[in-house]
Amino acid sequence: AWRYTGTTWAATDTKTTANLNSIHGLGANQIWAVGDGGVIRFWDGSTWSIVGTGSSATLRHVWAASASEIWAVGDGAIVQRSSGGGFAPLPIPGGITSNLYDVWGSGGAVWMLADNAVYRYASSTYSTLPAPPVSGLRALSGSGPGDLWVAGLGGVLARYNGATWLREKTGVATDLL
């Protein structure tokens, strides 16, 4: 991983040769990175440390609400959650095995994105949102439960208004990631 020092870019030792797929930070001293083989790393401002997951599944995205609420998602519907130490699995019930590509949260709820599904975790319970009108989804964000956006392969873009999905015209056929 590369770190900008304020004047130059400097290489840092992440203590892994695995591909790192996502990075999220709360500040210069609180940054998490996830990658292939279940790799999770934490940057404390001076060095990367190894964080245990107990999983070898590829992790595709990491998101942190605070230093005590960090989420990572990946292949085979893997969901890992940390309260500030190591990560522990928090499986989606119902035998879900789809790859999860993104995770994002707001107001005490966390959403996880699969190819053609969105899962919500709030108050210690999972639920599934109505199916988006598209597939090939890879990115998720929003401003709250009534304003979720998903983007993906082939120029796909859709918005969830809290009740229904609306497909947005992008005018492009390239992947939106």
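Atoms considered below: every heavy atom in the structure, side chains included; atoms not considered: hydrogens, waters and symmetry mates.
The minimum heavy-atom distance between Val103 and Val73, with the atom names listed, is CB-CG1, 3.9 Å. The heavy-atom pair separating Trp165 from Pro130 by the smallest distance is NE1-O, 2.7 Å. The shortest heavy-atom contact between Ser82 and Gly86 is OG-O, 3.4 Å. Between Ala122 and Ala109, the shortest heavy-atom distance links the atoms CB-CB, 4.0 Å. Of all non-hydrogen atoms in Ala114 and Tyr119, the two that sit nearest each other are CB-CE1, 4.1 Å. The heavy-atom pair separating Thr5 from Ala10 by the smallest distance is CG2-CB, 4.1 Å.
Put simply, Ile78 and Leu100 are part of two different groups of oily side chains (I, L, V, M, F, W, Y) that touch within less than 4.5 Å, one to the next. Linking ILVMFWY residues whenever their side-chain heavy atoms come closer than 4.5 Å, directly or via other members, places Ile92 and Leu148 in the same cluster. In this structure, Trp71 is a member of the same hydrophobic cluster as Ile96, with clusters built from ILVMFWY side-chain heavy atoms closer than 4.5 Å. No chain of hydrophobic side-chain contacts below 4.5 Å, direct or via other Ile, Leu, Val, Met, Phe, Trp or Tyr residues, connects Val39 to Val79. Cluster membership check: Met112 shares its hydrophobic cluster with Leu90, using side-chain heavy-atom separations under 4.5 Å among Ile, Leu, Val, Met, Phe, Trp and Tyr.
Here the side chain of Ser123 pairs no donor or acceptor atom with the backbone of Thr125 at under 3.5 angstrom. Side chain of Ser56 to main chain of Gly38: no donor-acceptor pair is present (N/O by atom type, distance under 3.5 Å, no hydrogens or angles). Thr12 places a side-chain N or O within 3.5 Å of a backbone atom of Ala1 that can act as its donor or acceptor partner. Using modelled atom types, one side-chain atom of Asp175 and one backbone atom of Gly154 make a donor-acceptor pair closer than 3.5 Å. Proximity of a side-chain donor or acceptor of His61 to a complementary backbone N or O of Ser22 within less than 3.5 Å is not detected.
Taking the six-membered ring for Trp and the full ring otherwise, Trp104 and Trp111 have centroids separated by under 6.0 Å. Ring to ring, Tyr126 and Tyr121 are close: their centroids are under 6.0 angstrom apart. Annotation: Tyr160 is not in aromatic contact with Trp149 [ring centroid separation under 6.0 Å not met].
A heavy-atom distance below 4.5 Å is found between the side chains of Arg3 and Trp43. A heavy-atom distance below 4.5 Å is found between the side chains of Leu137 and Val156. Annotation: side chain of Val118 is in contact with side chain of Pro132 (closest heavy-atom distance under 4.5 Å). A heavy-atom distance below 4.5 Å is found between the side chains of Ser55 and Gln80. Contact of the Thr47 side chain with the Lys15 side chain is registered, since non-hydrogen atoms from C-beta on lie closer than 4.5 Å. Between Ser49 and Arg41, every side-chain heavy-atom pair lies at or beyond the 4.5 Å cut-off. Inter-residue side-chain proximity for Arg167 and Val134 is flagged as met; some heavy-atom pair is nearer than 4.5 Å. The shortest side-chain heavy-atom distance between Ile31 and Ile23 falls under the 4.5 Å cut-off.
With rounding to the nearest 0.5 Å, the separation of CG in Leu176 from CD in Glu168 is 12.0 Å. Note that CG of Asn19 is 12.5 Å distant from CG of Leu59, once rounded to the nearest 0.5 Å. In this structure, Thr16 OG1 and Asp13 CG are separated by 9.5 Å, a value rounded to the nearest 0.5 Å.
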Stepwise side chain to side chain contact (heavy atoms under 4.5 Å, CB included) check, Val62 with Ile40: CA-CA 9 Å; Val62 62; Ile40 298 182; over 6 Å; no
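Side-chain atoms of Asn29 and Asp44 include no donor-acceptor pair closer than 3.5 Å.
Salt bridge status for Arg60 with Asp102: absent, with no side-chain N to carboxylate O gap under 4.0 Å.
Using the six-membered ring where Trp is involved, Phe42 and Trp32 have ring planes that are tilted, between 30° and 60° apart.
Contacts classified as salt bridge (Lys or Arg N to Asp or Glu O under 4.0 Å) and involving residues 132-159 (residues at least two apart or in different chains) are given here: Asp115-Arg138, Asp147-Arg159.
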